[in-house]
Amino acid sequence: MKHITPQQIDHFRREGYLSPLAAMSEAEARAFRDRMEDCEREFGPLKIGEYASKSHLLFPWVDEITRNQRLLDAVEDLIGEDILIYTLTLWIKNAGDGKLVDWHQDASYFGLEPKEQVTAWVALSESSVESGCVRVIPRSHLDGVYRHSIREGSANHMLPRRQAVDTRVDETRAVRMLLRPGQFSLHHTLAIHGSEPNMADDRRIGVGISFISTRVRFTGKTRLTGMLVRGTDRYGHFDPERRPQRNCAPDQVSYHAKVMKNYFGSKKELNLANAE
Ligand SMILES: O=C(O)CCC(=O)C(=O)O
């Protein structure tokens with residue numbers, strides 16, 4: 001075990017999540033947040049589907065977060081030592097902006113087999129009850145993939161297609177994954193999760209990194225890309241991704257746009273909801 005204990009691994013397998021774990025100090029998280037906010041001043045708001053998606057291809061500071069050793073040690077303890085990033089999202093809720101994430105499972109639109117993807121959610125600001133932390137339904141990952149449908153007209157939903165599980169979720173069972181800046185949570189690809197609006201005075205900022213083992217493959221026909229962050233890729237299910245050298249270098253911006261088009265196109269091909 002590199003970062004988490006056998007008891008914590010049991011907890012993850014039984015409950016479908018693990019939280020909180022330490023990735024970095026609050027001061028380090030603040031420094032990453034400052035770098036993010038510099039980018040917002042330079043490039044404008046970071047939006048999902050644009051620069052807030054697969055941002056590790058655009059910004060060296062995001063690339064750096066994804067290579068945090070404590071984070072990768074915990075992920076390795078769960079999925080093994082050969083680790084790829086499948087996708088990544090900057091989940092930014094500004095104070096009082098009303099944004100929320102409806103109950104959903106990542107596996108319902110990722111199109112991956114086997115369903116061994118794990119999301120690490122790294123807090124760059126306080127993720128609390130007031131700021132709309134991620135909530136998860138314990139043991140919901142044991143029931144397979146639920147039907148999802150598109151919630152039209154819900155403009156504040158952060159998932160691009162506003163998809164949500166059809167089943168009524170018993171919210172009294174939800175666990176709030178409270179995080180200080182620099183801490184992270186882990187959730188299973190089949191765990192039902194979501195979050196409420198930010199009612200705090202500060203922004204709520206999280207980096208959601210979807211990790212897979214290199215043995216996991218995409219089930220559609222499109223050939224997708226993935227970023228190897230640890231170990232060796234002996235399978236070649238994904239084309240390697242190119243790391244950014246500086247924020248939004250023009251050739252990297254066009255590379256990112258091409259990768260995103262391919263990624264979102266692949267969801268349509270599978271008839272899955274466009275997401276993250
Ligand atoms: O940040 C949120 O509120 C939701 C995050 C989420 O859906 C995810 O990381 O998979």
Side-chain angles (χ1 to χ4, degrees), residues 12 16-21 23 29 33 36 46-49 52-56 62 65-66 71 74-75 78 85-112 115-137 140-141 145-146 148 151 154 156-165 169 171 174-179 181 183-200 202-212 263 267 272-276:
F12 181 86
Y17 72 95
L18 193 57
S19 179
L21 295 163
R33 173 176 174 169
M36 185 194 97
L46 305 176
K47 298 184 187 153
I48 293 176
S53 296
K54 281 198 175 254
S55 323
H56 60 292
V62 180
I65 293 171
T66 66
L71 184 68
V75 173
L78 295 175
I85 298 174
Y86 177 60
T87 192
L88 179 148
T89 307
L90 300 179
W91 296 101
I92 304 168
K93 285 182 195 167
N94 292 326
D97 70 4
K99 297 261 185 268
L100 58 93
V101 177
D102 214 330
W103 296 112
H104 69 283
Q105 294 169 302
D106 297 334
S108 67
Y109 46 76
F110 274 4
L112 298 171
K115 298 199 185 328
E116 289 172 8
Q117 176 266 327
V118 171
T119 296
W121 199 99
V122 187
L124 296 188
S125 66
E126 176 93 35
S127 193
S128 60
V129 175
E130 297 74 33
S131 71
C133 62
V134 178
R135 299 189 298 167
V136 61
I137 306 295
S140 52
H141 69 302
V145 182
Y146 286 78
H148 286 59
R151 302 289 153 89
S154 23
N156 280 337
H157 285 207
M158 294 179 85
L159 295 177
R161 288 286 300 279
R162 299 163 192 163
Q163 66 273 43
V165 284
V169 171
E171 301 202 0
V175 170
R176 291 187 159 86
M177 299 199 282
L178 306 176
L179 299 172
Q183 292 183 323
F184 66 101
S185 59
L186 296 166
H187 64 259
H188 189 279
T189 194
L190 285 163
I192 295 181
H193 62 288
S195 69
E196 294 175 296
N198 179 1
M199 308 300 277
D202 192 16
R203 321 174 76 186
R204 193 221 62 168
I205 305 164
V207 185
I209 314 166
S210 302
F211 290 109
I212 53 173
Y263 177 76
K267 306 286 180 236
L272 299 168
N274 256 3
E276 295 169 64

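Whatever order the structure lists ligands and atoms in, that order sets their numbers, starting from 1.
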For [X], counting its heavy atoms only, list the atoms of ligand 1 lying under 4.0 Å from any of them.
{"X": "His187", "result": "8 (C), 9 (O), 10 (O)"}
{"X": "Thr119", "result": "9 (O)"}
{"X": "His104", "result": "7 (O)"}
{"X": "Asp106", "result": "10 (O)"}
{"X": "Ser195", "result": "2 (C), 3 (O)"}
{"X": "His193", "result": "6 (C), 7 (O), 8 (C), 10 (O)"}

Inset, instruction - Look at the aromatic rings of His193 and His187 and report parallel, tilted or perpendicular, splitting at 30° and 60°. - result: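 Ring orientation, 0 to 90° scale: tilted.
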Inset, instruction - Check the angle between the aromatic planes of Tyr263 and Tyr86 and answer parallel, tilted or perpendicular using the 30° and 60° thresholds. - result: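 Perpendicular.
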Legend entry - From CA spacing to verdict: side-chain contact (heavy atoms from CB on, under 4.5 Å), Asp102, Gln163: CA-CA 7 Å; Asp102 214 330; Gln163 66 273 43; over 6 Å; no
Legend entry - By side-chain contact (heavy atoms from CB on, under 4.5 Å) - contacts of Leu178 (at least two apart):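 Here the qualifying residues are Val129, Cys133, Arg176.
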Legend entry - Counterpart residues, side-chain hydrogen bond (donor to acceptor under 3.5 Å, both in side chains), relative to Thr189 (two or more places apart):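 Expected list: Gln117.
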Inset, instruction - Could you check Lys115 against Leu112 for side-chain contact (heavy atoms from CB on, under 4.5 Å), going step by step and ending with a plain yes or no? - result: CA-CA 6 Å; Lys115 298 199 185 328; Leu112 298 171; 6.0 Å; no
Inset, instruction - Check whether any heavy atom of Arg204 sits under 4.0 Å from an atom of ligand 1. - result: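 Checking ligand 1 against Arg204, which is what was asked, there is a heavy-atom contact under 4.0 Å.
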